[in-house]
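Everything on this sheet refers to the single structure shown next.
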Amino acid sequence: MFHVPNLAEIIALVPAIMLALTVHEYAHGFVADRLGDHTARYAGRLTLNPVAHVDWLGLLLLFVAGFGWAKPVPVNPYNLRGNVKQGLLLVSLAGPAANLVLALAASVLLGLIDYMQSGFGLLLLYQLIYINVVLAVFNLIPVPPLDGSKILAGLLPGRQEWLVALEQYGVLVLLVLMVTGLIGKFLTFFVVPLAEMFFNLARGLAA
């Protein structure tokens, strides 16, 4: 059954989304910076200030459609030390991985505080778990410009020119997937059990 969020849930969702998006993009920039590419640092994106990372359309869609994005952190692969393909793979993995780590931290904190208590702080932790799982799963979709396409290119042998060619049609593909409801089904299939895993962890810690 569709759940209509109340005012408190909507208010808690705002900082949860801002934190999730900020950590996601910061992680990309941090890993790239550690691997030798300081482009994000020079662009002022190696920061936890959410204003530096917000894409207003992506933020709006997170509220309206349940998925969205932030401004992509600039990365110059030619500055990465060592194997460029492996470097891009690590940079791309960093965002979704950071969201899952944040969801894990929120679930541990939720369980230690007491899963069955009420209050705005606990509601914020609920929202943090859910929105971070959504962002991680959504960004793992292997369609450009999402992280999943770069992760797939890094895992498959060869240069994967077809993924590069798909880059110019990526937004159109995502719109088609959204209109047909396929993205919603994909997110539901993966987000629900993954989020429940984190909530079960919180319940276990609170027991």
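FYI, side chains are in, hydrogens and waters are out, and symmetry mates aren't considered; it's all heavy atoms of this structure. Numbers here simply count residues along the sequence, with the first being 1.
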Task: Side-chain heavy atoms of Pro96 within contact of Leu135, under 4.5 Å - done: no
Open item on the list: Which residues pass the ring-ring contact (aromatic ring centres under 6.0 Å, His included) test with Phe186, not counting sequence neighbours?
Closed with: Phe190
Task: Check: Asp37 side chain, Asn79 main-chain N or O, donor-acceptor pair, under 3.5 Å - done: no
TODO: Measure the CG-CG distance between Asp55 and Leu21 for me, rounded to the nearest 0.5 Å.
DONE: 9.0 Å
Task: ILVMFWY cluster, Leu93 and Val75 together (side-chain gap under 4.5 Å) - done: no
Task: Verify same cluster id: Phe138, Phe198 (apolar side-chain graph, 4.5 Å) - done: yes
Open item on the list: Test: side chain to side chain donor-acceptor pair (under 3.5 Å). Region: residues 184-195. Which pairs qualify, not counting sequence neighbours?
Closed with: none
Task: Spacing of Ile141 atom CD1 and Leu187 atom CG [to the nearest 0.5 Å] - done: 5.5 Å
Task: Side-chain heavy-atom pair Leu46, Phe30 within 4.5 angstrom cut-off - done: yes
- [ ] State plainly whether one hydrophobic cluster holds both Leu182 and Val173, where clusters connect Ile, Leu, Val, Met, Phe, Trp and Tyr through side-chain heavy atoms under 4.5 angstrom apart.
- [x] yes
Open item on the list: Which heavy atom of Pro15 sits nearest to which heavy atom of Leu124, and what is that distance?
Closed with: CG-CD1, 3.8 Å
TODO: Determine whether the aromatic ring centres of Phe199 and Tyr130 lie less than 6.0 Å apart.
DONE: no
Task: Same cluster (ILVMFWY, side-chain, under 4.5 Å), Leu57 and Leu146 - done: yes
- [ ] Work out which heavy atom in Ala52 is nearest to a heavy atom in Gly44; give both atom names and the distance.
- [x] CB-O, 3.9 Å
Open item on the list: Give me the atom names and distance for the closest heavy-atom approach of Ala202 to Leu110.
Closed with: CB-CD2, 3.9 Å
- [ ] Measure from the side-chain N and O atoms of Arg34 to the backbone N and O of Gly29, and report whether any donor-acceptor pair falls under 3.5 Å.
- [x] no
TODO: Examine Met197 and Val133 and state if one hydrophobic cluster contains both, with Ile, Leu, Val, Met, Phe, Trp and Tyr joined whenever side-chain heavy atoms are less than 4.5 Å apart.
DONE: yes
Task: Pro72 backbone acceptor or donor facing Arg45 side chain under 3.5 Å - done: yes
Open item on the list: Could you check whether any side-chain N or O of Ser92 sits under 3.5 Å from a backbone N or O of Leu88, counting only pairs where one atom can act as donor and the other as acceptor?
Closed with: yes
TODO: Could you tell me which residues satisfy ring-ring contact (aromatic ring centres under 6.0 Å, His included) with His53, sequence neighbours excluded, listed by chain and number?
DONE: none
TODO: Would you indicate whether the side-chain heavy atoms of Ile11 and Phe120 approach each other to under 4.5 Å?
DONE: yes
Task: Any Leu174 side-chain heavy atom under 4.5 Å of Ile183 side chain - done: yes
Task: Minimal non-hydrogen separation, Val23 against Ala98, with atom names - done: CG1-CB, 3.7 Å
Task: Spacing of CG belonging to Leu194 relative to CZ belonging to Phe189, to within rounding of 0.5 Å - done: 12.0 Å
Task: Heavy-atom donor-acceptor pair, Lys150 side chain to Pro142 backbone, under 3.5 Å - done: no
Open item on the list: Within the 4.5 Å heavy-atom criterion, are Asn99 and Val134 side-chain neighbours or not?
Closed with: no
Side-chain atoms of residues 100-109: list all donor-acceptor pairs with protein atoms under 3.5 Å, sequence neighbours left out, distances to 0.1 Å.
unit_1 : atom_1 : unit_2 : atom_2 : d
Ser107 : OG     : Ala103 : O      : 3.4
Ser107 : OG     : Leu104 : O      : 2.7

Task: Side-chain donor or acceptor of Glu25 paired with backbone N/O of Val73 under 3.5 Å - done: yes
TODO: List for me each residue that meets side chain to side chain contact (heavy atoms under 4.5 Å, CB included) alongside Leu35, sequence neighbours excluded, and say none if there are none.
DONE: Val31, Leu80, Leu90, Val91
Open item on the list: Walk me through whether His38 and Asn76 qualify under side chain to side chain donor-acceptor pair (under 3.5 Å).
Closed with: CA-CA 8 Å; His38 308 307; Asn76 186 341; over 6 Å; no
Open item on the list: Contact between Leu140 and Ile151 at the side-chain level, heavy atoms closer than 4.5 Å - yes or no?
Closed with: yes
TODO: Output, in order, the C-alpha distance, side-chain angles, deciding distance and verdict of side chain to side chain donor-acceptor pair (under 3.5 Å) for Asn132 and His24.
DONE: CA-CA 9 Å; Asn132 274 283; His24 181 100; over 6 Å; no
- [ ] Measure across Leu123 and Ala12 and return the closest heavy-atom pair with its distance rounded to 0.1 Å.
- [x] CG-CB, 3.9 Å
Task: Spacing of CG belonging to Leu156 relative to CG belonging to Leu89, to within rounding of 0.5 Å - done: 10.5 Å
Task: Residues Arg41, Asp33: salt bridge by 4.0 Å N-O rule - done: yes
Open item on the list: Which residues pass the side chain to side chain contact (heavy atoms under 4.5 Å, CB included) test with Val54, not counting sequence neighbours?
Closed with: Met18, Trp56, Leu59
